Amino acid sequence: MAAFRSNIFMLAFFLCGFSVFVTGDFQEELVIKPLHSGDIYASFQFRTQWDTDFLLGISHYRLFPKSLGQVISKFSVRELHISFTQGYWRTMQWGQPFLPSPPGAELWVWFQDTVTDVDLAWKELTNVLSGIFCASLNFIDSTNTVQPSASFKPLGVGNVTDQRFLRYAVLPREIVCTENLTPWKKLLPCGSKAGLAVLMKSEKLFHSSFHSQALHIRPVCKDWQCKSTSWELRQTLNVVFDLHTSGQGKREWSLFKMFSRTLTEACPLASSSKVYVDITDNPQGELFELSPATPLVSQAVVLGDGRTYSVYDLTDHATFGQTHSLNVLLRWRAAEREMLRPLLHGERYVAGYGLQTGEIHTLVYNNHPYRAFPVLLLDTVPWYLRLYIHTLTVTSKGRDNKPSYIHYQPSKDRLQPHLLEMLIQLPPNSVTEVTVQFERALLKWTEYTPDPNHGFYVGSSVISALVPSVVAMDTNNTQERPLFSSFFPCKEESTYFMRIYTEPLLVNLPTPDFSMPYNVICLTCTVVAVGYGSLYNLLTRTFQVEEPSQGLAKRLANIIRRLRGVPLLT
Amino acid sequence: MGLLSDPNRRRALTNLLTRLNAPICVVCYLAGVMWFMGLAFEPFTLRTYMSENAMGSTMVEEHFPAGERALATGREFAAHKKKVGGMPVNWLVKTMESRGLEVFTQSFTRKLPFPDENKERYLVRGTNVYGILRAPRASRTEALVLTAPCSQGNANNQAVGLLLGLAQYFRSQVYWAKDIIFLVNEHDLIGMQAWLEGYHHTNTTGGDWSPLHGRGGSIQASLSLELSSDVITSLDLVLEGLNGQLPNLDLANLFHAFCQKIGVLCTIQGKLQRNDWESTSGYSHSAQTMMLMVLKQASGRPWGDHGLFLRYHIEAATIRGINSFRQYKTDTTTIGRLLEGMYRKLNNLLERLHQSYFFYLMPSLTRFVSIGYYMPAFGLLAVILLLRALDLWVQLGASAPGTEDGLAEREQDPRFLPLLNKLVISHMTGVALYCLPVMSQEMAVQHFPVSETEAVVLTAIAIYTAGLALPHNTHRLLQGEGTEHGWRVLKLVALLYLAVLLGCTALINFSLGFILALSLVPIAAFITPPLSAAIMVLLSPGCTLLYCVLIFQELQETPVSLQDGWMLFLSVISQGILDHSLYGSLVYPLLALLIYPCWLLLWNILFWK
C-alpha cells in the first residue's frame with residue numbers, strides 16, 4: 001500500500017515536473033531574520049512564472065491560479081498589486097521590510113492601454129477581488145481612489161506610463177484575518193498541503209506583532225535578452241513574532257515555536273525551495289546560536305546592504321537529516337535593544353485640538369550622514385477633511401524647502417479625495433516636516449459610520465525614494481537571485497528603491513449625539529414653531545387699540561353728513 | 001402668545017409683574033437655593049449606571065501578581081531619585097527599555113511669570129520619560145495613557161513602581177488593541193502640559209518643550225496615579241479638570257465598578273459613601289460632598305494631573321491612594337489588579353467614551369445629578385435678572401411718553417454717553433486688574449519690601465480696591481448724571497450684561513456660574529442709589545472668593561482661622577493667576593475682564609448723585 005502510494009506520488013511528481021519545465025516555474029522561499037529587539041521576522045515568498053499571453057484567452061491552467069488568470073484576461077490587467085496588512089511595521093525596531101505595505105488593504109492596478117473605460121473596469125475588478133479574497137475591497141469607490149502621477153510606476157516590463165491607466169486605493173480600516181488567509185493560500189500550487197506553506201497555521205500567524213500578506217502580478221522578462229515577457233505571480237507573507245508575549249522566559253526561536261509545525265518536504269511542484277536565515281550580524285555566533293548547522297551560505301544585496309544568509313535547501317533530502325524534519329532553532333545569546341536609525345523613516349500625526357480644525361504633520365527623516373536624496377511623498381486625504389492647501393509648508397532644518405514638483409488634485413465633496421504628490425529633496429541628516437491645515441467637515445446624518453465616535457481613518461502617506469546604498473547594488477537582473485532581493489527593479493549601482501508608509505490617522509469629526517434624535521427633533525420643532533414664530537410676530541407687528549365698530553345708524557348719519565359737508569360724528 | 005399680542009392683557013400682565021416683582025424675585029432666589037440644596041438629597045438623584053456597552057457586559061479577569069516587585073522597583077526608583085536629586089532619567093529609560101517598551105524622552109523649560117511660593121519654583125527645567133507599549137497588530141491609531149508624577153521628596157515613588165510593574169505585566173499580554181503609553185512626568189502639571197502640547201503639537205501658553213518622537217495615535221482615555229504608601233486604606237477619585245471640565249461619567253462608573261468588584265474602599269472628594277440618607281447627618285454628608293465638587297469645579301483649576309487631558313477631549317481622571325488610620329488595608333497587588341481591569345475594559349472600547357454624561361455633579365460615587373436637574377437651580381436665579389430688567393424697562397417706558405416729541409428725543413441722546421463712559425472706564429479697570437499685577441511686579445518689588453508673589457497679589461488687591469473709588473473721581477468728568485432716569489438705564493444695561501455673562505459661564509462651568517449668581521444676583525436685583533455700600537462690598541466677587549476659601553476649608557474638615565484664611569486667600573489669588581498663565585485657565589480673566597467690570601457698573605449706581 002505504501003509502495004503504491006509512493007508510486008502515485010512519484011507519478012504526480014513527474015507529471016508536475018514536466019509541467020514546470022514546459023509551461024511555468026514555481027519557487028518558494030522563507031527568509032528568517034532575527035531582529036535586534038529579540039523578535040523574529042519571517043518572510044515567505046512564492047513565485048509562479050508562466051510564459052503565456054492571458055489576453056488571448058487561455059483555458060488550460062496548471063501552476064498559475066485560474067481565478068487570477070481569468071481576472072487578468074477579463075479586465076485587461078497589466079499589473080496588479082494587492083496587500084492585506086494587520087499592524088504597523090516598526091522601522092525603528094525592525095529595520096526595513098523586504099516588501100513594504102500599509103496597514104489595512106492596499107490595491108493598485110495598471111490596466112492595459114487597450115482598456116477604454118478604466119473606471120468601470122476598476123470598479124468591477126475591485127468587486128471581483130473582493131470576492132476572491134473575502135475582503136471589503138468593494139468599499140473602494142471614487143471617494144478613495146486616486147491616480148498618482150509619479151509614486152507608483154509599473155514594476156514590470158512595458159512602456160505605458162500614462163497615469164490614466166493606473167488606479168490606487170487604500171482601505172486603512174480593513175481588518176485582516178483567517179478568512180483572507182485561506183483564499184490566499186489556495187492560490188499556491190501546493191496549497192497548504194506541502195512545502196513551506198504547511199507552516200502557515202492561522203492561529204500562529206495571527207498571534208504576532210505584524211502580519212502582512214500580499215500578491216503581485218506583473219509581466220517580467222522571460223530571459224536575459226528580454227525578447228518576450230512572461231507573467232509573474234508573487235505571493236508574499238510577512239510576519240513578525242514577539243519575544244515577550246510568546247516567551248515563557250526562554251529567549252529562543254524555532255520553526256516549531258513560531259508556526260507549531262516543522263518542515264518535512266519541499267513542495268513537489270517547486271523548482272527551488274529554500275529557507276534563508278540572516279546571519280550577517282552573527283559571523284562568529286556571538287549573538288545567537290543556529291542549529292542545525294548548514295554548510296550553505298549565500299550572499300545577497302538587500303536594501304542597499306550586503307547580507308549573508310545560511311541556506312537550507314529543502315529539495316535536498318540531506319537537509320532533513322535523521323528525523324526527516326527540519327526545525328531551525330535559534331537561541332539568543334546576547335541582547336541589545338537600541339533603537340535603529342534607518343536611513344529613511346517617516347512619521348505622521350494630527351496636531352491641534354478641538355473639532356473644527358487641525359493640522360496634519362508628516363515628518364520624513366533622512367539619517368544619512370552626508371548624502372541628500374529626493375523622495376516622492378504621496379498623500380491621499382478623504383474629502384471630509386478639507387485641506388487648506390495654502391497652508392502647506394515644507395521645512396527642513398528650520399528652513400523652507402521648496403518641493404521641486406507638486407501635483408495636487410483638490411477633492412470634490414462626496415466624489416473624490418485630495419491627492420497631493422510632492423518631490424522633496426531631503427538634506428543629509430535632517431528631518432523634513434510637511435504640514436497642512438484642514439477643516440473637519442460636518443457630514444450629513446446618513447453619512448456617518450455606525451460608530452462615528454470611533455473616528456474616521458486617513459490612509460498612510462507613501463514615501464518612495466531612491467536611497468543611497470552602502471554597497472554596490474546588483475543591476476544585473478538576469479542573474480539568479482533569491483526572491484526577496486529581486487522584487488524592485490534596480491537600475492543604478494549607487495542607489496536602491498525603497499518605499500515606506502507612515503501610520504494611518506484616526507480623526508474625530510464633529511458628531512451629533514445620535515442617541516437622542518427624538519429629543520432633538522421635538523426641541524427644534526418646538527423652538528421653531530412656538531418660540532420663533534410668535535417672537536417674530538410680536539417684533540414685527542405694531543399693535544393698536546381697535547375702535548369698537550360703529551352702529552349702523554351712526555354710519556348712515558356720517559354718510560349723509562359727508563355729503564352735506566358737515567363734521568362727522570365720532 | 002395671544003397673551004402678549006392683546007395689548008390689554010399685556011398691560012395686565014406687565015402690571016402684575018411690576019407690582020409683584022420684588023416678591024417674585026425673592027421667591028425665585030429662595031427656590032433656586034432650595035433646589036440646589038435639594039440636589040444632594042438622595043431620592044432626588046439618579047443612580048449611576050454604565051452606559052457604554054463595550055465596558056458593561058464584557059467580562060475581564062485580573063491577574064496582576066507582582067505588587068511586591070512593583071514596590072521594590074518603587075524603592076529602587078526612590079534611591080535613584082535621591083542620588084540624582086530629581087528625575088532619574090537614565091535609570092527610567094533603561095528600566096522601561098528592559099521591559100520591552102519603546103522609550104522616548106522630552107525635555108522642557110518653563111519660566112513662571114512670578115515665583116510660585118506654594119511649590120517653590122520659578123524657572124522650571126525637567127524631563128518627561130515615556131514608554132510606549134505597542135499593541136500587536138495595531139496600526140498606531142489609538143492609545144491609552146497611564147501617568148505617574150515624579151514628585152519631589154518621597155511622594156509618589158510607589159506610583160512609579162506600580163506603573164513600571166504594570167508595564168512589565170501588560171507587555172507580556174496578547175490582548176491589547178490600543179497602544180499603551182506609560183508616562184512619568186516631572187514637575188507635575190507643568191510637565192504634563194509640556195507633554196500634552198508636545199503630543200498634539202500645540203502651544204497655547206508659550207512654554208518651551210522639545211518635540212516628541214514617538215506617538216500612539218489619538219489618545220482615548222488616561223488615568224493618573226498618585227500613590228505614596230505601600231498599603232492604602234482607600235482610593236480617591238479626582239475628576240475636576242481645567243476650567244471645570246469633567247471626564248465622561250462612564251470613567252467614574254468604571255472606577256466604581258472595579259472598586260466594588262475587587263473590594264477596595266473608594267471615595268470621591270475624600271468622602272466615603274453613606275447609606276443613611278434619611279438622617280440629617282446622611283444628607284449633610286452628601287451635601288458636603290457635592291459642595292466640595294462644586295467649589296473645586298468653580299475654581300477652574302486642574303485638581304490632578306489628569307486635568308489637562310480634558311482640553312484634548314481625552315477622558316481622564318486621577319486615582320489617589322489614601323492611607324489613613326483605618327484598620328482595613330489594601331496592598332499594591334490589589335491596586336494593580338484594579339488598574340489592570342480598568343485598562344482591559346478601556347482597551348475593549350470601540351468608540352471614545354461618549355455614551356454617558358459630560359455635565360454632572362456627584363453627591364456620592366453611586367449618585368449623580370445630571371445637567372437637566374441642576375440647571376433649573378441656576379435658571380431660577382438668572383430669571384430674577386430678567387424680571388428686574390423687565391420691570392426697569394416698563395418703568396423707563398412709562399416715564400417716556402411725556403417726552404415723545406422730537407425735542408425730547410434729542411435730549412435723550414446724551415444720556416447714553418455717560419453710560420458708555422462708565423462701561424469703558426469699568427472695563428479699563430478690569431484690563432488693569434488683568435494686566436498690571438504681573439507686569440508691574442518688578443517695580444513693586446523695588447519700592448516695597450515684598451517678594452514677587454506678594455507684589456503680584458497685593459497689586460491685584462490694590463487695583464481691585466482702587467476700582468471702588470472710581471465713582472467719586474469720575475462723576476466730575478461726566479455730565480448728565482444724577483437723574484433718576486440715568487441710573488435706571490445703567491442698571492438695566494448692567495442687569496442684562498450680568499445675565500448674559502452668568503448664563504454663558506453656567507453653560508460651560510455650572511459651578512462657577514452658580515456661585516457668582518448666588519452673590520451677584522441679589523445686589524444686582526435690589527440695588528438702588530441709597531443701598532448700603534457695605535453689603536455691596538461684602539457681596540463683591542473678591543469677597544465671594546474669600547468665603548469660598550473659608551467654606552472649602554470647612555468642608556474639608558480642616559477649618560482655618562481668619563488669619564490663616566486670609567493667607568490662604570492670598571495664595572489662591574496667586575495660584576489663580578499662575579493657572580491662567582501656565583495652563584490657560586479662564587477663571588482669572590473671566591473675573592478680571594468681565595465679572596468685576598460688571599460689578600463696578602452696579603457699584604456706580606450706588607454713588608449716583
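In this text, all values refer to a predicted model and were calculated from it rather than measured experimentally. Order of the sequence lines fixes the chain letters, A, B, ..., with proteins taken first and strands second; residue numbering starts at 1 for each chain.
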- Note on the structure: Bottom line for B:Phe104: the part with an atom under 4.5 Å from chain A's heavy atoms is side chain
- Relative to chain A, which segment of B:Glu102 carries a heavy atom at a distance below 4.5 Å: side chain, backbone, both, or neither?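 Both backbone and side chain of B:Glu102 come within 4.5 Å of chain A.
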What do you reckon, is [atom1] of [X] surrounded by more than 12 foreign heavy atoms closer than 6.0 Å?
{"X": "B:Asn90", "atom1": "CG", "value": "no"}
{"X": "B:Lys94", "atom1": "NZ", "value": "no"}
{"X": "A:Glu203", "atom1": "CD", "value": "yes"}
{"X": "A:Phe206", "atom1": "CZ", "value": "yes"}
{"X": "A:Ile175", "atom1": "CD1", "value": "no"}
{"X": "A:Tyr532", "atom1": "OH", "value": "no"}
{"X": "B:Trp393", "atom1": "CH2", "value": "no"}
{"X": "B:Arg69", "atom1": "CZ", "value": "no"}

- Query: Is the shortest heavy-atom distance from the side chain of A:Ser208 to the side chain of B:Arg137 under 4.5 Å?
  - Reply: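 Yes - at least one pair of side-chain heavy atoms lies under 4.5 Å apart.
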- Hey, are the side chains of A:Met92 and B:His213 touching, using non-hydrogen atoms and a 4.5 Å cut-off?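 No - every pair of side-chain heavy atoms lies 4.5 Å or more apart.
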- Message: Shorter than 4.5 Å, heavy atoms on both sides: which option in A:His207, A:Glu347, A:Arg90, A:Glu503 has the most such pairs with chain B?
- Response: A:Arg90
- Query: In terms of heavy-atom pairs under 4.5 Å with chain B, which of A:His211, A:Gln93, A:Arg348 leads?
  - Reply: A:Gln93
Separation between [atom1] of [X] and [atom2] of [Y], rounded to the nearest 0.5 Å:
{"X": "B:Gln220", "Y": "A:His454", "atom1": "CD", "atom2": "NE2", "result": "7.5 Å"}
{"X": "B:Arg352", "Y": "A:Asn508", "atom1": "CZ", "atom2": "CG", "result": "4.0 Å"}
{"X": "A:Asn453", "Y": "B:Leu350", "atom1": "CG", "atom2": "CG", "result": "11.5 Å"}
{"X": "B:Ser172", "Y": "A:Asp242", "atom1": "OG", "atom2": "CG", "result": "10.0 Å"}

Please report the closest heavy-atom contact between [X] and [Y], naming both atoms and the distance.
{"X": "A:Pro504", "Y": "B:Ser139", "answer": "CD-O, 3.6 Å"}
{"X": "B:His201", "Y": "A:Ala351", "answer": "CB-CB, 3.5 Å"}
{"X": "A:Gly352", "Y": "B:Thr202", "answer": "CA-CG2, 3.4 Å"}

- Query: Is it the backbone or the side chain of A:Pro172 that comes under 4.5 Å from a heavy atom of chain B, or both, or neither?
  - Reply: neither
- Message: Need one label for A:Tyr501: side chain, backbone, both or neither, based on atoms under 4.5 Å from any heavy atom in chain B.
- Response: neither
- Within 45° of the axis and under 6.0 Å from the centre of the six-membered ring of A:Tyr88, does NZ or CZ of B:Arg140 qualify?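 Cation-pi check for B:Arg140 and A:Tyr88: fails.
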- With a cut-off of under 6.0 Å to the ring centre and 45° to the axis, is B:Arg311 in cation-pi contact with A:Tyr353? yes
- Which one, B:Leu353, B:Val174, B:Leu349, leads in non-hydrogen pairs under 4.5 Å with chain A? B:Val174
